[in-house]
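Notes follow the structure.
Nothing here was measured: the structure is a model prediction, and the numbers come from that model.
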Amino acid sequence: MDVSVAGRVRPALPRVPALAVLAHYLVGYRRTWRAGVFSSFLLPVLTVVGFGFGVGAYVDQGVGGLRYLDWLVPGLIASTAMQVAIGESTWPVLSNFRWIKTYFAQSAAPLRVGDILAGHLAFVLFRAFTSTAAFLLVTALFGAVRSPWAVAVLPVVLLLSLAVAAPTFAFSAWAPSDSYLALLFRFAVIPMTLFAGVFFPVESLPSGLRQLAYATPLWHGVDLCRAATLGVAPQWSVPGHLLYLAAWAIAGWLLARRAFRRELVV
């Protein structure tokens, strides 16, 4: 090939190859995003009305001197981010391995395992971020956000989403069938949602269950989000929360990369 022509050949991938993987998912999402917009705003409205005003009407004294709706909203924001992140990290990941084989097609291109994993994780964080932003906007319109520090919720839910999505990627890559994913929701996601401080204070739990709640990444996200939206200090230190969530994210990344490598590298 002539040198002058070779010099004009464009690289097949961007400098950060994971962006090409992210672009793949964004192109697909561009065709389906309208179906989720209505629910992204309707779900927060129904949740706020049902739990905040419905259940809250029976909580006469609120929680810790706060109106129940104001206390509840940050927990719902964190749990929404967790559920979206895990939902996008289960059946989509399993299908890319077992059914539609997208990961194998990507690995046949000049993409490394880390690029494939990072690009898909970036899309999961995008989905969690947009869902959380919609939830935060709706609840702010209901007057349930009491502090300008509420904007700090967005980076917090990104870290929380990564902390739960990365290990879920590893689990989904390992799962022999989708029945294992149903077990994940039954024995991990639902208990975390119910007992990690979203709907009632963790301190009201028995001591053993309380320690389990503190060990979940969701409780740390809830505590940070509640401190941000209410403008108060969290129960635990902010650096402690962030380091704990970061440890989950790093461990999950290492496990997921190992699981992806085992499946994709012959």
Side-chain angles (χ1 to χ4, degrees), residues 11-33 81-132 154-185 188-189 192 216-218 220-221 242-266:
L13 293 171
R15 287 187 177 179
V16 182
L19 293 179
V21 180
L22 173 61
H24 161 75
Y25 293 105
L26 291 176
V27 168
Y29 186 64
R30 186 177 62 184
R31 300 176 181 274
T32 61
W33 67 271
M82 179 199 71
Q83 291 174 23
V84 170
I86 293 180
E88 292 287 341
S89 305
T90 47
W91 277 273
V93 173
L94 183 65
S95 70
N96 282 348
F97 277 118
R98 307 286 182 251
W99 303 319
I100 60 177
K101 309 286 186 179
T102 300
Y103 289 145
F104 295 96
Q106 291 173 341
S107 66
L111 288 168
R112 298 165 297 182
V113 170
D115 301 326
I116 298 171
L117 176 59
H120 198 171
L121 272 173
F123 176 73
V124 171
L125 296 185
F126 166 78
R127 289 282 292 115
F129 180 86
T130 54
S131 299
T132 302
L154 298 176
V156 167
V157 297
L158 281 177
L159 181 56
L160 170 63
S161 299
L162 183 60
V164 296
T168 304
F169 265 64
F171 181 81
S172 301
W174 164 86
S177 70
D178 59 346
S179 61
Y180 286 79
L181 305 184
L183 294 176
L184 174 67
F185 276 85
V189 177
M192 270 199 293
T216 64
L218 180 58
H220 295 267
L242 297 178
L243 288 173
Y244 188 76
L245 291 175
W248 271 81
I250 294 170
W253 167 268
L254 295 175
L255 290 172
R257 188 174 63 177
R258 180 179 179 182
F260 272 53
R261 187 178 300 277
R262 184 190 61 214
E263 294 287 337
L264 298 177
V265 178
V266 178

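Remark: Met192 CE to Leu218 CG distance equals 6.0 Å, nearest 0.5 Å. Distance check, rounded to the nearest 0.5 Å: CG of Leu121 to CD1 of Ile116 gives 12.0 Å. Here the CZ-OG distance, from Arg112 to Ser107, works out to 14.0 Å after rounding to the nearest 0.5 Å. Atoms CG and CG, on Leu160 and Leu242 in that order, are 11.0 Å from each other to the nearest 0.5 Å. The CD1 atom of Ile86 sits 6.0 Å away from the CG atom of Leu184 when rounded to the nearest 0.5 Å. For the atom pair CG of Leu125 and CD of Glu88, the computed distance is 11.0 Å after rounding to the nearest 0.5 Å.
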Just distance, no hydrogens or angles: give the donor-acceptor pairs under 3.5 Å from side chains in residues 251-266, sequence neighbours left out.
none

Sequence neighbours excluded and cut-off under 3.5 Å, please list the side-chain donor-acceptor pairs for residues 161-172, or say none.
| unit_1 | atom_1 | unit_2 | atom_2 | d |
| --- | --- | --- | --- | --- |
| Ser161 | OG | Val157 | O | 2.6 |
| Thr168 | OG1 | Val164 | O | 2.6 |
| Ser172 | OG | Ser89 | O | 2.7 |
| Ser172 | OG | Thr168 | O | 3.0 |

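Panel note: side chain Arg98, backbone Ala173; a donor-acceptor pair is recorded below 3.5 Å. A distance-only check finds no donor-acceptor pair linking the side chain of Ser131 to the backbone of Ala128 [under 3.5 Å].
Looking at heavy atoms from C-beta onward, Tyr103 lies in side-chain contact with Val93 at the 4.5 angstrom threshold. With contacts defined as side-chain heavy-atom distances shorter than 4.5 Å, the pair Arg30/Leu26 does not qualify. Within the 4.5 Å cutoff, no side-chain heavy atoms of His220 are placed close to those of Trp248.
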*side-chain contact (heavy atoms from CB on, under 4.5 Å) between His120 and Asn96: does it pass, once the steps are laid out?*
CA-CA 11 Å; His120 198 171; Asn96 282 348; 3.6 Å; yes

_Go through it in stages, so that I can follow the logic: the residues are Phe123 and Val21, the test is side-chain contact (heavy atoms from CB on, under 4.5 Å), and I'd like the CA-CA distance, side-chain angles, deciding distance and then a yes or no._
CA-CA 9 Å; Phe123 176 73; Val21 180; over 6 Å; no

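In summary, the aromatic rings of Phe126 and Tyr25 are positioned with their centroids too far apart to meet the 6.0 Å limit.
In terms of heavy atoms, Ala175 sits closest to Leu181 at CB-CD2, 4.3 Å.
Environment of OH in Tyr180: sparse, with no more than 12 heavy atoms of neighbouring residues, nucleotides or ligands closer than 6.0 Å.
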